[in-house]
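Read the structure below first, then the notes.
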Amino acid sequence: MIKTGIFGGSFNPIHYGHIALAQEILRQTDLDEIWLMVSPQNPLKQGATDLLADHLRYELAQKALEGVQGVEACNYEFHLPKPSYTWNTLQHLKKDYPDREFSLVIGGDNWERLSRWYHWKDILRNHNVVVYPRDGQRGTVEARLLPVSSTEIRERVRAGKSIQGLVPDRIIEDVERLYANK
């Protein structure tokens with residue numbers, strides 16, 4: 001059985017913080033791989049106006065993860081009904097990938113509001129949950145988050161500031177072009 005962690009998010013855009021966190025979780029757990037699940041629409045973040053098109057965020061994530069062992073971009077949710085509920089995604093994954101055991105990777109902030117999630121009790125009953133510390137909350141893994149956010153990157157691009165060191169060099173030009181007017 002392949003142990004796969006599902007780390008969902010908008011990745012708008014992906015950055016070094018996401019990549020470093022996924023690598024650290026792989027080091028600290030028995031997961032074999034982590035799929036960065038690019039979400040087409042987060043039910044708790046409906047109405048975001050600066051969300052880049054789904055396929056573009058996925059393509060950026062794929063390019064950013066080239067050569068990163070054990071971590072890959074995933075667009076599985078793109079063909080599922082919207083909004084994307086984690087429980088629904090996990091049900092479909094279990095059916096489509098019977099050779100895998102899926103764990104959910106979430107931040108401490110989401111862990112604290114998990115009771116707001118659709119079928120949250122079923123998620124806990126049927127899947128391991130790996131929690132990383134976020135916004136002062138503790139996690140099941142110890143990971144120091146890099147001080148970078150997708151929001152900061154979008155703001156820097158709009159202001160004409162450098163994003164060097166925040167995203168992999170191979171996507172800097174794409175991020176600057178795609179988010180300049182977002």
Side-chain angles (χ1 to χ4, degrees), residues 1-40 42-45 57-78 84-94 96-117 119-120 122-153 165-171:
M1 199 53 85
I2 300 167
K3 294 183 177 184
T4 303
I6 300 299
F7 178 4
S10 57
F11 303 105
N12 189 38
I14 189 171
H15 54 68
Y16 274 133
H18 298 127
I19 298 167
L21 179 59
Q23 290 175 311
E24 187 59 30
I25 289 168
L26 277 177
R27 278 193 285 278
Q28 291 187 39
T29 66
D30 65 349
L31 293 174
D32 299 309
E33 62 187 6
I34 293 183
W35 292 356
L36 297 190
M37 184 76 65
V38 179
S39 176
N42 179 330
L44 301 177
K45 292 184 181 178
R57 289 181 290 116
Y58 171 64
E59 288 167 12
L60 281 175
Q62 275 188 305
K63 193 171 181 179
L65 293 169
E66 287 174 9
V68 178
Q69 296 287 47
V71 184
E72 65 182 71
C74 180
N75 64 358
Y76 185 83
E77 285 188 333
F78 289 9
S84 303
Y85 291 103
T86 301
W87 175 83
N88 187 39
T89 300
L90 290 168
Q91 294 300 303
H92 281 86
L93 285 168
K94 199 162 44 170
D96 290 346
Y97 296 94
D99 62 330
R100 285 180 161 75
E101 176 184 297
F102 292 100
S103 295
L104 184 60
V105 176
I106 61 173
D109 55 337
N110 278 320
W111 175 251
E112 288 195 349
R113 61 178 181 252
L114 192 70
S115 63
R116 292 176 49 198
W117 290 26
H119 285 290
W120 67 276
D122 290 332
I123 293 171
L124 291 178
R125 258 193 301 276
N126 296 293
H127 300 278
N128 292 324
V129 179
V130 176
V131 182
Y132 59 90
R134 183 152 182 199
D135 298 337
Q137 294 92 355
R138 297 189 52 80
T140 58
V141 296
E142 292 302 317
R144 191 174 62 83
L145 299 181
L146 297 179
V148 58
S149 72
S150 296
T151 301
E152 174 192 1
I153 291 167
L166 302 177
V167 302
D169 289 348
R170 66 182 150 273
I171 68 167

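Predicted model only: the values in this text are computed from it and were never measured.
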Residue from L93, L31, V105 passing side chain to side chain contact (heavy atoms under 4.5 Å, CB included) with I6: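 Going through L93, L31, V105 one by one, the side chain to side chain contact (heavy atoms under 4.5 Å, CB included) with I6 is satisfied by L93 alone.
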[X] side chain near [Y] side chain, heavy-atom distance below 4.5 Å:
X    : Y    : result
K3   : S103 : no
D122 : Q91  : no
D99  : I2   : yes
L26  : I34  : yes
L65  : I14  : yes
H18  : S150 : yes

Residue pairs involving residues 62-72 (criterion salt bridge (charged side-chain N to carboxylate O under 4.0 Å, His left out); sequence neighbours excluded):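 Checked against salt bridge (charged side-chain N to carboxylate O under 4.0 Å, His left out) - neighbours excluded - the pairs reaching residues 62-72 are K63-D174.
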Quick one: pull up [atom1] in [X] and [atom2] in [Y] and give me the separation to the nearest 0.5 Å.
X    : Y    : atom1 : atom2 : result
K94  : N126 : NZ    : CG    : 4.5 Å
Y132 : W111 : OH    : CH2   : 14.0 Å
T86  : N110 : OG1   : CG    : 8.5 Å
Y76  : W35  : OH    : CH2   : 8.5 Å
E24  : L145 : CD    : CG    : 10.5 Å
F7   : I19  : CZ    : CD1   : 10.0 Å

Determine the minimum heavy-atom distance between [X] and [Y], stating which atoms define it.
X    : Y   : result
V148 : G17 : CG1-N, 3.7 Å
L146 : A20 : CD1-CB, 3.8 Å
S10  : V38 : O-CG1, 4.1 Å
F11  : M37 : CE1-O, 3.6 Å

With sequence neighbours excluded, residues passing salt bridge (Lys or Arg N to Asp or Glu O under 4.0 Å) with E112: none
All ring-ring contact (aromatic ring centres under 6.0 Å, His included) counterparts of Y16, not counting sequence neighbours: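 Applying ring-ring contact (aromatic ring centres under 6.0 Å, His included) to Y16 gives none.
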Test log, rule side chain to side chain contact (heavy atoms under 4.5 Å, CB included), inputs V129 and T140: CA-CA 9 Å; V129 179; T140 58; over 6 Å; no
N/O donor-acceptor pair under 3.5 Å between Y58 side chain and F78 backbone: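 Judged by distance alone, no pair lies under 3.5 Å.
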Backbone of F102 reached by a side-chain donor or acceptor of H127 within 3.5 Å: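 Side chain of H127 to backbone of F102: a pair is present.
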